[in-house]
Amino acid sequence: MKCIDCGHYRMKDAGQMGRLGFGLCAMSPSTSSFPSSVYPRQCAQFRLADEKTLGARRAWLEKRGEAA
């Protein structure tokens with residue numbers, strides 16, 4: 001899985017780090033850890049984001065020239 005597909009992932013709340021492709025996880029107590037949006041990982045708390053959110057994130061990735 002990739003964080004960008006998770007409903008707990010928040011790039012907009014990550015400020016400048018969000019613009020660079022990193023975000024915050026709502027399930028993490030840390031506000032100073034910014035996991036990559038596209039790095040493959042295992043997470044027991046993964047929850048697929050809704051279709052509207054997924055579509056917006058995919059469009060953002062395509063605009064950056066990255067694949068989801």
Side-chain angles (χ1 to χ4, degrees):
M1 56 103 349
K2 296 178 182 177
C3 291
I4 199 159
D5 296 326
C6 184
H8 298 130
Y9 195 63
R10 304 178 331 254
M11 292 176 72
K12 290 182 179 179
D13 295 342
Q16 191 66 16
M17 292 298 287
R19 291 179 193 85
L20 298 173
F22 299 90
L24 294 168
C25 177
M27 303 308 288
S28 172
S30 175
T31 58
S32 61
S33 176
F34 300 92
S36 167
S37 58
V38 295
Y39 183 81
R41 65 185 79 243
Q42 297 292 321
C43 181
Q45 297 175 325
F46 177 79
R47 178 182 53 101
L48 189 63
D50 62 76
E51 283 301 318
K52 181 179 178 183
T53 301
L54 288 172
R57 291 176 179 177
R58 288 184 186 121
W60 179 81
L61 281 177
E62 287 177 14
K63 184 178 175 182
R64 289 174 48 98
E66 297 182 46

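- Taking Ile, Leu, Val, Met, Phe, Trp and Tyr as members and joining any whose side-chain heavy atoms lie under 4.5 Å apart, directly or through other members, Tyr39 forms no hydrophobic cluster with any other residue.
- The side chain to side chain contact (heavy atoms under 4.5 Å, CB included) check on Ser30 picks up Ser28, Ser32, Ser33, with sequence neighbours excluded.
- Heavy atoms only, all atoms of each residue included: Ser37 and Trp60 are closest at OG-CZ3, 4.3 Å.
- The salt bridge (Lys or Arg N to Asp or Glu O under 4.0 Å) contacts involving residues 6-15 comprise Arg10-Asp13, where partners must be two or more places apart or lie in separate chains.
- Put simply, Leu54 and Phe46 are part of the same group of oily side chains (I, L, V, M, F, W, Y) that touch within less than 4.5 Å, one to the next.
- Residue Met27 belongs to no hydrophobic cluster, having no ILVMFWY side-chain heavy atom closer than 4.5 Å to its own.
- Scanning both residues, Arg57 and Ala49, for their nearest heavy atoms gives NH1-CB, 4.1 Å.
- Residues forming a salt bridge (Lys or Arg N to Asp or Glu O under 4.0 Å) with Arg47 (at least two apart in sequence, or on another chain): none.
- A distance of 6.0 Å separates OG in Ser36 from CZ in Arg41, rounded to the nearest 0.5 Å.
- Looking only at side-chain heavy atoms (C-beta outward), Ile4 and Met11 come within less than 4.5 Å of each other.
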Practice task
Test Met1 against Gln42 for side-chain contact (heavy atoms from CB on, under 4.5 Å), laying out the working first.
Solution key: CA-CA 6 Å; Met1 56 103 349; Gln42 297 292 321; 5.8 Å; no
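- For Arg19, there are no salt bridge (Lys or Arg N to Asp or Glu O under 4.0 Å) partners, not counting sequence neighbours.
- Across every non-hydrogen atom of Phe34 and Phe22, the tightest pair is O-CD2, 3.2 Å.
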